[in-house]
Amino acid sequence: MLRELQCSFPVEVSSKNLDQNGGVLGSTIVNSLLKLLSDIKATKFGYFLAVTKLKSIGNAHRVESHLHFQVKFCCRTFIPVDGEVMIGVVKNITAHGVYLKCGPMNLVYLSARLMPNYYYVSGEHPVFLKDDLSKIEVNVVIRFRVFAVRWVEDIRKEFRVLATIDGESLGPVSSTQGLDGLDL
């Protein structure tokens, strides 16, 4: 789900970035904000996709050789929600399930238990196969439903998503159905 949020973050700018008058250009502060957001990637409110509006830049506070500014801005985030139908690409297959990449989420797990009528076929290139010969293999596009979501704040700070393909119109997406130009 896409969300619009208003956020406030402390942004640090090196004193080396001062102009001739001793001021800091707004673009330097915005670039520092964007770098900060790209390093953070996600919070419990979602994955940062874009800054949509800069609301305000607070007064500078000098800390050693840096200036600190409180920046208020609006941004668009993406957060996975239980029941939401999404599309992902298979990146890895094990006997217990499939790992997908979906947008900014690098780890969506589709358990073998949540793939009804599919069975695991081991080998050099393992796959999950269904009686009608539909196949789940690496680089196949899958339409799935979010079964469960958990925010985990470890070193990676990410959402852990459990997926299912139990339901109508879920599972491998054939190339004839198309993806409307989506780049996964």
Note to self: Can you confirm whether the side chains of Gln70 and Ser8 place a donor and an acceptor under 3.5 Å from each other?
What the structure shows: yes
Note to self: Can you confirm whether the side chains of Ser134 and Asp132 place a donor and an acceptor under 3.5 Å from each other?
What the structure shows: yes
Please tell me if the side chains of [X] and [Y] come closer than 4.5 Å, counting only heavy atoms from C-beta onward.
X      : Y      : answer
Val81  : Val146 : no
Phe128 : Glu137 : no
Val51  : Leu54  : no

Look up atom [atom1] in [X] and atom [atom2] in [Y], then write down how far apart they are to the nearest 0.5 Å.
X      : Y      : atom1 : atom2 : result
Arg143 : Ser169 : CZ    : OG    : 6.5 Å
Met115 : Ile142 : CE    : CD1   : 8.5 Å
Leu34  : Phe73  : CG    : CZ    : 9.0 Å
Arg3   : Leu49  : CZ    : CG    : 12.0 Å
Tyr99  : Leu107 : OH    : CG    : 6.5 Å
Glu12  : Lys35  : CD    : NZ    : 11.5 Å

Margin query: Going by the rule side-chain hydrogen bond (donor to acceptor under 3.5 Å, both in side chains), which residues pair with Lys130 if we only count those two or more places apart in sequence or in a different chain?
Written below: none
Notebook entry, point to check: Sequence neighbours excluded, which residues qualify as side-chain hydrogen bond (donor to acceptor under 3.5 Å, both in side chains) partners of His66?
Noted result: none
Next item on the list: Flag the pair Phe48 / Phe78 as yes when their ring centroid distance falls below 6.0 Å, and as no otherwise.
Entry: no
Next item on the list: Could you tell me whether Asp154 and Arg160 make a salt bridge, using a distance below 4.0 angstrom between a side-chain N and a carboxylate O?
Entry: yes
Next item on the list: Using the side-chain contact (heavy atoms from CB on, under 4.5 Å) rule, pick out the option among Val98, Leu162, Leu170, Ile165 that qualifies with Leu114.
Entry: Leu162
Check: Taking only residues two or more places apart in sequence, or in another chain, which ones meet Pro126 in a side chain to side chain contact (heavy atoms under 4.5 Å, CB included)?
Finding: Ile93, Tyr120
Next item on the list: Before giving the answer on side-chain contact (heavy atoms from CB on, under 4.5 Å), spell out for Tyr47 and Ile79 the whole-Å C-alpha distance, their side-chain angles and the decisive distance to 0.1 Å.
Entry: CA-CA 6 Å; Tyr47 291 93; Ile79 187 167; over 6 Å; no
